[in-house]
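All ligand and atom numbering here is 1-based and tracks the order in the structure.
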Amino acid sequence: MEEFFSKKYGNQIKLGVIGSRPEEARTAEEGDETTESPLDLEFDYLPRDIKKYLDRFVVRQEDAKKVLATAICDHYNHIRRCSANVPCKEYSKQNIIMLGPTGVGKTYLVRTIADLIGVPFVKADATKFSETGYVGGDVEDLVRELVQKADGNVRLAEYGIIYLDEIDKIATPANILGRDVSGGGVQRGLLKLMEETEVSLRTPFDLTSQLQAAMEFQSKGKVTRQVINTRHILFIVSGAFNRLPDIISKRLGGKAIGFNAEGRRAPKDEDWFREVKSVDFIEYGFESEFVGRLPVVVACHELGVDDLFEIMKNSEGSIMRQYVNAFEAYGIELSYTDAGLYRIAERAYEEHTGARSLVGVCERIFREYKYHLPHSAVKRLELTERLVDHPDEVLEEILQSARALRLRELEAALDSIAGEWSQKNDIEIRLHPEAARILSRRAYESGERPEEIFAGIFRDYEHGLNLIRGAEGIRFEITPEVVHDPKAALDEWIRSYYVSREK
Ligand SMILES: Nc1ncnc2c1ncn2[C@@H]1O[C@H](COP(=O)(O)OP(=O)(O)OP(=O)(O)O)[C@@H](O)[C@H]1O
Ligand SMILES: [Mg+2]
């Protein structure tokens with residue numbers, strides 16, 4: 001088991017039974033849930049280490065990186081102390097709210113951290129729960145999903161991270177008519193999970209788990225109650241919170257918060273977010289207990305053109321790497337100029353969906369390239385400013401010159417094939433340049449190899465060629481006519497061969 005986990009999660013996590021006396025180990029193996037067999041979570045990161053790691057992938061969001069790194073360290077250090085059988089003192093879990101516009105790295109930050117520390121991670125949209133009728137059962141699915149992500153290891157799942165996006169959509173503001181009443185229900189369901197509860201791994205609605213239970217009963221004569229405790233699960237919620245800046249500014253009495261005095265820029269959402277207090281979330285439509293369970297609040301910033309450029313050029317998860325790899329699979333080397341990347345960043349910025357728009361912009365630029373280049377002769381592609389602005393035009397040019405080059409290559413190949421064929425069959429033939437051009441175009445368009453194209457002409461010649469084999473002093477020529485009607489041409493060759501012999 002230990003080997004399995006160290007392979008899967010690196011050596012950050014070790015399975016260890018405290019005391020590891022053989023009889024204790026055995027009860028743990030038998031799945032007796034009264035035996036504490038905590039994971040010896042080897043968590044020895046400092047907040048700075050986590051931030052450094054995040055820096056490799058996520059551009060900007062300095063505040064968010066620091067706050068997240070610190071909260072994560074607090075959380076896992078606390079767990080480590082608890083699982084070392086030191087009595088757990090009262091501790092308020094560092095659940096986190098992340099504010100900020102779409103596509104600026106909220107999910108990406110959390111996912112990257114979960115990867116680093118090797119705990120299971122589940123992500124879902126909070127809206128998913130308000131749509132369905134019955135709420136409690138559904139939010140508990142998140143916890144069960146953690147167990148799946150941990151490959152069935154309940155102990156590991158108990159230290160996982162649950163990430164809920166679009167949390168602002170389950171707010172139930174008092175002053176909005178026809179409000180979505182289920183939002184409050186979802187909040188209460190989540191609240192229960194965030195505090196501490198035991199979630200059964202088997203749901204009465206899930207046929208598979210019922211079958212498993214039945215089988216277990218048959219083989220062991222009893223069914224172990226499998227539950228997962230949510231005490232140590234970290235919850236991170238996020239949302240755009242569009243109405244929040246207004247609420248904050250109203251609370252502050254429209255007071256200038258230091259930057260919209262004369263000559264200064266107007267405050268942005270993220271400037272207001274910095275002033276956010278619990279009361280603002282309550283005003284937004286969250287229950288006070290719910291807000292109280294999310295003590296860490298952090299705002300992510302909007303990404304500017306320079307940030308988007310930086311993401312493409314330097315971040316380790318850059319979308320450009322994806323394209324480089326995609327083209328490389330066809331033997332095409334993709335390179336890019338800074339100006340080209342910057343132009344993409346400018347385009348993406350116009351869409352106001354953060355780094356998310358980079359994907360769309362690149363997809364539109366490269367769509368036709370990804371289709372046409374693999375079967376072309378193009379071996380190099382450089383992403384330039386002009387390519388970004390006029391992708392179709394540039395593609396046309398590239399394909400034209402690649403086509404010309406490829407046709408020349410094919411002609412040369414056909415020439416030498418004709419030469420080899422001549423020698424092998426002891427018949428002197430020559431490929432007329434015009435015929436070579438026709439054949440090379442045929443090969444280019446059909447994708448057939450030049451050898452196949454050439455063999456195609458002489459497909460039915462087997463017998464006829466025997467008649468003229470070894471003809472001395474006669475040079476046959478593959479002309480365009482031969483290409484168009486090989487049969488007639490062969491007859492003509494045979495005829496002229498006998499005529500010359502008569503002489
Ligand atoms: N700051 C950033 N640095 C590097 N890449 C980023 C950054 N922000 C976003 N990305 C890229 O954009 C993608 C989408 O970002 P992400 O899913 O984190 O957005 P989000 O902030 O969670 O948005 P939403 O509120 O819509 O869920 C990421 O997978 C990542 O590739
Ligand atoms: Mg997200």
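- Residue I311 touches ligand 1 through its side chain alone, judged by heavy-atom distances below 4.0 Å.
- Remark: the T107 side chain and the Y163 side chain contain an N/O donor-acceptor pair separated by less than 3.5 Å.
- Shown here is R56, whose CZ atom has more than 12 heavy atoms of other residues, nucleotides or ligands within 6.0 Å.
- Checked against a 3.5 angstrom limit, the closest N/O atoms of L303 and ligand 1 fall outside it.
- Nearest-residue assignment for atom 26 (O) of ligand 1 (options T102, V59, D168; heavy-atom criterion): T102.
- The protein non-hydrogen atom at the shortest distance from atom 22 (O) of ligand 1 is T107 OG1, 2.6 Å.
- Other residues, nucleotides and ligands place no more than 12 heavy atoms under 6.0 Å from the NZ atom of K370.
- Nearest protein neighbour of atom 23 (O) of ligand 1, counting heavy atoms only, is G103 N, 2.7 Å.
- When each of F309, Y349, Y336 is tested with Y342 by the rule ring-ring contact (aromatic ring centres under 6.0 Å, His included), just one qualifies, namely F309.
- Put simply, T107 gets within reach of the Mg ion (ligand 2), with an N, O or S atom under 2.8 Å from it.
- Checked for salt-bridge contact, E316 and R321 miss the test: no charged N lies under 4.0 Å from a carboxylate O.
- On a distance-only criterion, Q61 and ligand 1 share no N/O pair closer than 3.5 Å.
- Applying the 4.0 Å criterion to heavy atoms of F57 picks out, from ligand 1, the atoms 3 (N), 4 (C).
- Between E195 and R293, at least one side-chain nitrogen of the basic residue sits less than 4.0 Å from a carboxylate oxygen of the acidic one, meeting the salt-bridge criterion.
- Within a 4.0 Å radius of atom 13 (C) of ligand 1, the protein contributes no heavy atom.
- No N or O atom of G100 sits closer than 3.5 Å to an N or O atom of ligand 1.
- In D165, the N, O or S atom that comes nearest to the Mg ion (ligand 2) is OD2.
- Taking the ring axis of Y444 as reference, the NZ or CZ atom of R406 does not stay both within 45° of it and closer than 6.0 Å to the ring centre.
- Regarding atom 30 (C) of ligand 1, its nearest protein heavy-atom neighbour is Y108 CD2, 3.7 Å.
- Between L358 atom CG and I319 atom CD1 the span is 7.0 Å, to the nearest 0.5 Å.
- The aromatic rings of F286 and F241 are tilted relative to each other, their planes meeting at an angle between 30° and 60°.
- The nearest heavy-atom contact from the protein to atom 11 (C) of ligand 1 is A355 CB, 3.5 Å.
- Of all protein heavy atoms, the one closest to atom 21 (O) of ligand 1 is K106 N, 2.9 Å.
- Not one N or O of S315 is nearer than 3.5 Å to an N or O of ligand 1, by distance alone.
- Residue V58 approaches ligand 1 through these ligand atoms, each under 4.0 Å from one of its heavy atoms: 1 (N), 2 (C), 3 (N), 4 (C).
- In this structure, R367 pairs ionically with E363, as a charged nitrogen and a carboxylate oxygen lie closer than 4.0 Å.
- Under 4.0 angstrom from ligand 1, the non-hydrogen atoms of D165 all belong to its side chain.
- Between K277 and D280 no salt bridge is recorded (no basic side-chain N to carboxylate O distance below 4.0 Å).
- With hydrogens left out, the protein atom closest to atom 17 (O) of ligand 1 is R356 NH2, 3.3 Å, a heavy atom.
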